Amino acid sequence: MRLATWNVNSLGARLPLVLEWMAANEPDILCLQETKLADDAFPAATFADLGYESVHHGDGRWNGVAVLSRVGLERPSCGMGDAYDVHGCRLLAATCAGIRVHSVYVPNGRSVGSEHYLTKLDWLARLREYLAEQYDPGDAVAMCGDFNVAPTDDDVWDPAQFVGSTHVSEPERAALGAILDWGLEDAFRRFHPGGHVFTWWDYRAGSFHKGQGMRIDLVLLSKSLSGRCRSVEVDRDARKKSPAGNKPSDHTVVVAELADA
DNA sequence: ATGGTTGCGAAGCAA
């Protein structure tokens, strides 16, 4: 079972690359973020032709999340069931092969102390509540997406460059930690304890080729799933211009392999 | 060198 997550920075712009990647990598479940599409523009029929059921939650301009699955897709659910969803289309859940899969797009926060930063902290706190309301830690829960938080200093290329910035602040890391403390594991970490593997690089200043990135795209697994997890890898190649010439997102794909239940 | 790039949408904002 191959479970992948990718912030595509506009599915409208990225669809050729997404299709190219899917054909080469055959994910069973694929979570997308930042589709920037309205629901009626989401190319569900294109994915259906490839054997994927899909569900999308988007407003057409910003944000937008999707779940694609070729192993079943049941009980789709948008948002957190309350007013927090009006902050954007940032959470979408579906049950795929017995796994409650979530595509997550945490607010960016812009700058520490800003109104947007406080909204980000609130959103993360609400996500912690949502987990406790909806699930038991013994359930098979996967939270996949762009968390816009680098869990540790080993997840940024140079901590000195991030002093005072978002994505690394103590309150953001504490809010993510509270989500993990509910009963989720940052599955990547167990396989790559040394860190310095990144999922996002700024488009500007040659950041990708200089290795100047952050790991902010995460696969969080509850205990029953982390026990089945055999690998988590970052597909760095998907951050390059593709063989077919398609331009990349500023994020790349994270792929987890799960053994059968 | 206080820069740089992309997407959306048609100027400037968000990331």
Side-chain angles (χ1 to χ4, degrees), chain A residues 5-21 31-43 56-66 84-92 103-124 144-151 155-158 160-169 171-173 175-176 198-218 234-242 244-254:
Chain A
T5 184
W6 197 357
N7 178 324
V8 295
N9 185 21
S10 171
L11 186 58
R14 211 66 59 210
L15 185 61
L17 180 62
V18 171
L19 296 175
E20 188 181 347
W21 187 88
C31 297
L32 303 177
Q33 299 88 38
E34 270 204 275
T35 62
K36 299 185 180 179
L37 294 178
D39 288 337
D40 59 9
F42 181 75
H56 178 261
H57 178 42
D59 68 12
R61 290 183 299 170
W62 308 108
N63 313 328
V65 284
Y84 280 82
D85 193 35
V86 305
H87 286 296
C89 302
R90 297 181 176 276
L91 182 69
L92 178 59
S103 185
V104 182
Y105 180 44
V106 175
N108 175 283
R110 300 193 194 178
S111 59
V112 172
S114 70
E115 172 187 347
H116 299 278
Y117 176 80
L118 299 177
T119 296
K120 178 181 191 174
L121 294 180
D122 284 346
W123 199 93
L124 286 164
C144 309
D146 176 3
F147 283 78
N148 270 316
V149 179
D155 299 306
V156 300
W157 66 277
D158 180 5
Q161 300 292 326
F162 289 85
V163 173
S165 297
T166 57
H167 297 67
V168 301
S169 74
E172 290 166 271
R173 286 177 171 169
L176 176 61
F198 309 128
T199 66
W200 173 89
W201 299 260
D202 199 306
Y203 279 127
R204 297 169 290 186
S207 297
F208 177 66
H209 296 290
K210 296 178 193 168
Q212 299 179 347
M214 288 193 279
R215 187 174 71 93
I216 55 177
D217 299 273
L218 309 178
V234 173
D235 185 352
R236 194 173 175 281
D237 287 343
R239 181 58 177 75
K240 305 172 183 174
K241 187 164 79 172
S242 77
N246 293 308
K247 293 197 298 183
S249 171
D250 47 355
H251 297 249
T252 195
V253 196
V254 181

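So that the names make sense, note that chain A is the first sequence line, chain B the second, and so on, each numbered from 1. Not measured: the values here are computed from a predicted model.
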Worksheet item: Between A:Gly12 and A:Ala205, which is nearer to the 5' end of DNA chain B once each is assigned its nearest nucleotide?
Response: A:Ala205
Practice prompt. For A:Phe208, enumerate each residue passing the ring-ring contact (aromatic ring centres under 6.0 Å, His included) test, keeping only those at least two apart in sequence or located in another chain.
Written response: A:Trp201
Worksheet item: Roughly how far apart, to the nearest Å, are B:dA15 and B:dG9 at atom P?
Response: 15 Å
Discussion item. Going by salt bridge (charged side-chain N to carboxylate O under 4.0 Å, His left out), name the residues that satisfy it together with A:Asp155, two or more places apart in sequence or in a different chain.
Written reply: A:Arg189, A:Arg215
Worksheet entry | Nearest-Å distance for atom pair CD/C1', residues A:Gln161 and B:dG4 | 14 Å
Worksheet item: Whole Å only: how far is the CG atom of A:Asn246 from the P atom of B:dT6?
Response: 14 Å
Quick test: give all pairs of protein nitrogen or oxygen and nucleotides 13-15 of chain B nitrogen or oxygen below 3.5 Å, distance rounded to 0.1 Å.
{"residue": "B:dA14", "atom": "OP1", "partner": "A:Arg110", "partner atom": "NH1", "Å": "3.4"}
{"residue": "B:dA15", "atom": "OP2", "partner": "A:Arg110", "partner atom": "NE", "Å": "2.9"}

Fill in: Set of salt bridge (charged side-chain N to carboxylate O under 4.0 Å, His left out) partners for A:Lys210, sequence neighbours left out
none
Worksheet item: Between atom CD in A:Gln212 and atom P in B:dT5, what is the gap in whole Å?
Response: 14 Å
Worksheet item: Are OP1 or OP2 of B:dG9 and a side-chain N or O of A:Arg61 less than 4.0 angstrom apart?
Response: no
Worksheet item: Given the P atoms of B:dC8 and B:dG4, what is the spacing between them in whole Å?
Response: 22 Å
Fill in: Protein-nucleotide distance (A:Lys210, atom NZ; B:dG3, atom P), rounded to Å
15 Å
Worksheet item: Is a side-chain donor-acceptor pair under 3.5 Å present for A:Gln212 with A:Asp158?
Response: no
Discussion item. Taking only the C1' atom of each, what is the distance from B:dT6 to B:dA10 in whole angstrom?
Written reply: 16 Å
Worksheet entry | With sequence neighbours excluded, residues passing side-chain hydrogen bond (donor to acceptor under 3.5 Å, both in side chains) with A:Arg204 | A:Asp202
Worksheet item: Under 6.0 Å from the CD atom of A:Gln161, do we count more than 12 heavy atoms belonging to anything else shown?
Response: yes
Response to the item:
When A:Ser10 and A:Gly206 are each assigned the nearest nucleotide of DNA chain B, the 5'-most assignment goes to A:Gly206
Response to the item:
Across all chains, not counting sequence neighbours, the salt bridge (charged side-chain N to carboxylate O under 4.0 Å, His left out) partners of A:Arg173 are A:Asp153
Discussion item. When the P atoms of B:dA1 and B:dG7 are compared, how many Å lie between them, rounded to an integer?
Written reply: 30 Å
Worksheet, complete the sentence: Rounded to whole Å, CG of A:Leu37 lies from C1' of B:dC8 at a distance of 12 Å
